Amino acid sequence: MTSATNTASAVPADATLPLGGLLALTLAGFITLMTEVMPAGLLPQMSGSLGIAESMAGQFVTAYAAGSLITAIPLMTLTQAMRRRKLLLVAIVGFALVNMVTAISDHYWLTLAARVLAGMFGGVVWALLVGYAARMAPPHLAGRAIAITGIGAPLAFSLGVPAGTFLGTILGWRVSFGLMSVMAFVLIGWVFAKLPDFPGQQPGKHLSIRLVLRLSGLRPILFVMFVFVVAHNILYTYIAPFLVPSGLANRVDLVLLVFGIAGMLGLWIVGALIDRRLRQMVLASLFAFGGVALVLGLGSASPPAIFAATAMWGLVVGGAPTLFQTAEAKVAGEATDVAQAMFVTVWNTGVAGGGLIGGLLLEGFCVMSFPWVVLVLLSPALLVSWLASRHGFPSTEL
């Protein structure tokens, strides 16, 4: 199987990582994730300003996810021939414009439409990041390059969202979205200055979704990732009610801070080891996540147990996207961008599935059921990843 890194315009094996360009991709990921989740911290302000219920304002997050979920695969399939930097710039300009519309709109439906468009542009950006990073880096450092671009996600969760919420509370929610537009415009100049351009797929070499899905190892990767994301979001989406038995319901901010800091550490560990130990880290992450579920199930009323489990949970989740993206890039080769569109679609489906399952569990059972359901879900994921030792999560990295 041709590695994605082998398509990287003949980068010398002893070359160093192009940090300026990789950090531009990091900022792109940061802006997209901030745009996606920021309404969650600003629901009271947005609902009050637009004269709608908070439940309706909550649909701004759903609309973004729907935009990514529905359009990521079709858009990346249709734009296979387009030069990569041009496509990335189109998506970033789109972000700048839709965030500006969100910041000035006084109409609910216009804001909701802008959020759908933001999700579409976000799906394109996330689909491009991995392939771009792999092509820019020396083959033996491709995993580390992907890890660097992945820093934007935990940064957004641990620092960006709290900062955006604080600014929105003090200066108004429109200021937060306006700043996202400003950052996007700054990023446009950075991309021009630091990112090399790469061609798209040549005519006649375009790959259909069906052919990409048939690549050896891709389906196990997508399955394991989907189950992982569902399990994570059962807990993450309903973390506030889950903390009630431990008396930490009023310290959700502190719990999520621990989660975010641990996530940064987890990403650093993955970045240091991924090019040599991808399979081992995937298996270790699933085992560790199972341990987290067990601790949360047995110690749900104990604050020390909650904080210890949250730290390990953050450590695992912080590096998980990079693990799955790198495995996918190794399998997909020249089809990485289309495979990444599948990644975006499956990831957002997992987010929605976790929220749905968690809501049903909350209504039909109780929060104490969460860890045990997570533990059950992780079992087939661990089995599939273990069996995918030849394709997907190979024993010997290629």
Side-chain angles (χ1 to χ4, degrees), residues 1 3-6 8 11 13-19 22-23 25-26 29 129-155 157-158 217-218 220-221 224-225 228-229 232 258-292 308 310-333 336 339-340 343 347 378 381-382 384-398:
M1 178 60 61
S3 169
T5 56
N6 291 337
V11 182
D14 59 347
T16 57
L17 289 173
L19 286 177
L22 291 175
L23 290 176
L25 298 177
T26 300
L129 292 184
V130 170
Y132 225 120
R135 295 172 83 174
M136 288 170 61
H140 65 291
L141 294 176
R144 190 171 300 177
I146 293 171
I148 291 173
T149 65
I151 294 172
L155 271 179
F157 277 121
S158 60
L218 184 59
I221 293 169
V224 173
M225 182 189 71
F228 184 97
V229 175
H232 162 66
V258 170
F259 178 89
I261 293 173
M264 294 292 293
L265 178 59
L267 183 58
W268 180 84
I269 293 171
V270 166
L273 299 175
I274 191 168
D275 291 303
R276 303 187 305 275
R277 296 286 184 268
L278 191 151
R279 175 175 172 79
Q280 292 90 329
M281 285 192 294
V282 168
L283 294 173
S285 295
L286 291 169
F287 269 117
F289 198 1
V292 167
T310 298
M312 180 57 69
W313 178 25
L315 201 69
V316 168
V317 174
T322 301
L323 291 174
F324 295 129
Q325 287 173 326
T326 303
E328 190 174 64
K330 287 178 178 290
V331 164
T336 294
Q340 271 300 115
F343 180 99
W347 187 280
L378 291 173
L382 183 58
V384 169
S385 61
W386 181 269
L387 294 175
S389 59
R390 183 174 174 82
H391 300 292
F393 305 109
S395 299
T396 302
E397 311 302 344
L398 301 178

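Note that the coordinates shown come from a computational prediction; the quantities given were computed from them, not determined experimentally.
- Taking CD1 of Ile151 as the reference point, atom OG1 of Thr322 lies at 8.5 Å (rounded to 0.5 Å).
- Taking all atoms of both residues into account, the shortest heavy-atom contact from Ala381 to Leu286 is O-CD1, 3.8 Å.
- The distance from the CG atom of Leu129 to the CD atom of Gln325 is 7.5 Å, given to the nearest 0.5 Å.
- The two atoms that bring Met312 and Ala288 nearest to each other are SD-CB, 4.1 Å, heavy atoms only.
- With sequence neighbours left out, Trp268 forms a side chain to side chain contact (heavy atoms under 4.5 Å, CB included) with Leu265.
- With sequence neighbours excluded, the residues that form a side chain to side chain contact (heavy atoms under 4.5 Å, CB included) with Ser285 are Val316, Leu323.
- Looking at heavy atoms from C-beta onward, Gln280 lies out of side-chain contact with Leu273 at the 4.5 angstrom threshold.
- For the pair Arg279 (side chain) and Phe393 (backbone), a donor-acceptor distance under 3.5 Å is present.
- Heavy-atom minimum distance, Met281 versus Ile274: CE-CA, 3.3 Å.
- Taking the ring-ring contact (aromatic ring centres under 6.0 Å, His included) definition, one finds that Phe324 meets it with Phe228, sequence neighbours left out.
- Smallest separation of non-hydrogen atoms from Leu283 and Ser385: CD2-OG, 3.4 Å.
- Remark: Leu23 engages Thr26, Ile148, Trp190 in a side chain to side chain contact (heavy atoms under 4.5 Å, CB included) (not counting sequence neighbours).
- Considering all non-hydrogen atoms of both residues, Leu378 and Gly290 come closest at CD1-N, 3.6 Å.
- Not one N or O on the side chain of Arg277 forms a donor-acceptor pair closer than 3.5 Å with the backbone of Val270.
- Nearest heavy-atom pair across Ala133 and Ala145 is O-CB, 3.8 Å.
- The CG atom of Leu141 sits 11.5 Å away from the CD1 atom of Ile146 when rounded to the nearest 0.5 Å.
- Among residues two or more places apart in sequence or in another chain, the side-chain hydrogen bond (donor to acceptor under 3.5 Å, both in side chains) test is passed with Trp313 by His232.
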